[in-house]
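Position 1 is the first residue of the sequence; numbering continues from there. As the structure is a computational prediction, the values presented were derived from the model and not from experiment. The analysis underlying the following values was restricted to heavy atoms, covering all of them including side chains, and did not include hydrogens, waters or symmetry mates.
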Amino acid sequence: MNSPPDEYGVFGHPVSHSLSPFIHGLFARTTGQSMNYRPYDVAPGEFAERVRAFFAGGGRGLNVTLPHKIAAVEVADELTARAAHAAAVNTLALKGDGILGDNTDGAGLVRDLCDNLGLIITNRRVLVLGAGGATRGVLAPLLGLAPATVVIANRTPARAEALAAAFADLGATQGVGFEYLEPEPFDLVINATSASLSGEMPPVPHGVIGAHTVCYDLAYGKSATAFVDWARAQGCARALQGLGMLVEQAAESFRLWRGVRPATGAVLEVLRERVGVD
Ligand code: ATR
């Protein structure tokens, strides 16, 4: 008799908007893996207990999305180096008798930038807007590509300075307030603030975008985000939303769980049609 499919899922609050069940469903079909992947709406107060119950009940792996990525660090018995650097976990996997916490967000970003978009980061100047959890999650993988510099600009300068100092051993970093940004074009500008979520734009001075600058928003939506609109208005020829990062981080989680890396190109195409992102 066939054994039942292995159980996976995503814990979030809210979770109904999550594209992960759709993405992992396609991955499972294209790689022939016998698995289910379901969304679970889990309130913050019950997160740790529900994670333990999921794994105790035979569950094999979870994605963790807002607002649980920091709480997931505590629930893991062991962390990968990249999850420890990020101080946040987006993937939990059964490992022996324990739960392994990983973070595939940064790897997903780097894969989208380098493999899908064909960008070269080595020796290039990178500006990251924001100094919250999203920035912390992508800094180590970005610095791993040996950019000339990563400048972190934030509304609250002290947070940018603290992050720059925390990652200084991995490469050239600098933390500043937006008003201290020199009007010199960067090669890549990444929006990692949560401002897009409310349709706002961080107060980035003119001059950091040049004709060759690529702009990348970690967020995505049905229409262009405020950051993508702003970047285009500054003359940016290549301003992109983070749908590719979403698919690539999912592929990296899938590989951790199943030992197979799914192809992402076709899934990204389907999602672009579905979400309507250009
Ligand atoms: P996340 O986990 O999404 O990164 P976070 O840790 O709360 O969330 O960080 C949010 C980031 O977006 C911060 O850098 C925040 O700036 P502050 O550190 O000054 O709070 C930034 N942010 C949010 N709304 C913003 C806005 N309207 N303009 C500029 N920056 C904003």
H85 and F167: aromatic ring centres closer than 6.0 Å?
yes

Side-chain donor-acceptor pair under 3.5 Å between T225 and D217, yes or no?
yes

Approximate separation, where rounding is to 0.5 Å, of I152 CD1 and N154 CG
9.0 Å

Tested for side chain to side chain contact (heavy atoms under 4.5 Å, CB included) against Y216, the lone hit among M245, R238, Q241 is M245

Is any side-chain heavy atom of L145 closer than 4.5 Å to a side-chain heavy atom of V110?
yes

Quick one, Y37 and V10 - any side-chain contact, counting heavy atoms below 4.5 Å?
yes

Can you confirm whether P44 sits close enough to P67 that some side-chain heavy atom of one is under 4.5 Å from a side-chain heavy atom of the other?
yes

Charged N to carboxylate O below 4.0 Å: is that the case for E182 and R125?
no

Look at the side chain of E161 and the backbone N and O of V176, then say whether any donor-acceptor pair between them is shorter than 3.5 Å.
no

Short N-O contact, D105 and K69, less than 4.0 angstrom
yes

Lys/Arg-Asp/Glu bridge criterion (N-O < 4.0 Å) met for R60, E7
no

Does the ring centre of H68 sit less than 6.0 Å away from the ring centre of F11?
no

Cation-pi, Y8 ring and R38 (6.0 angstrom, 45 degrees):
no

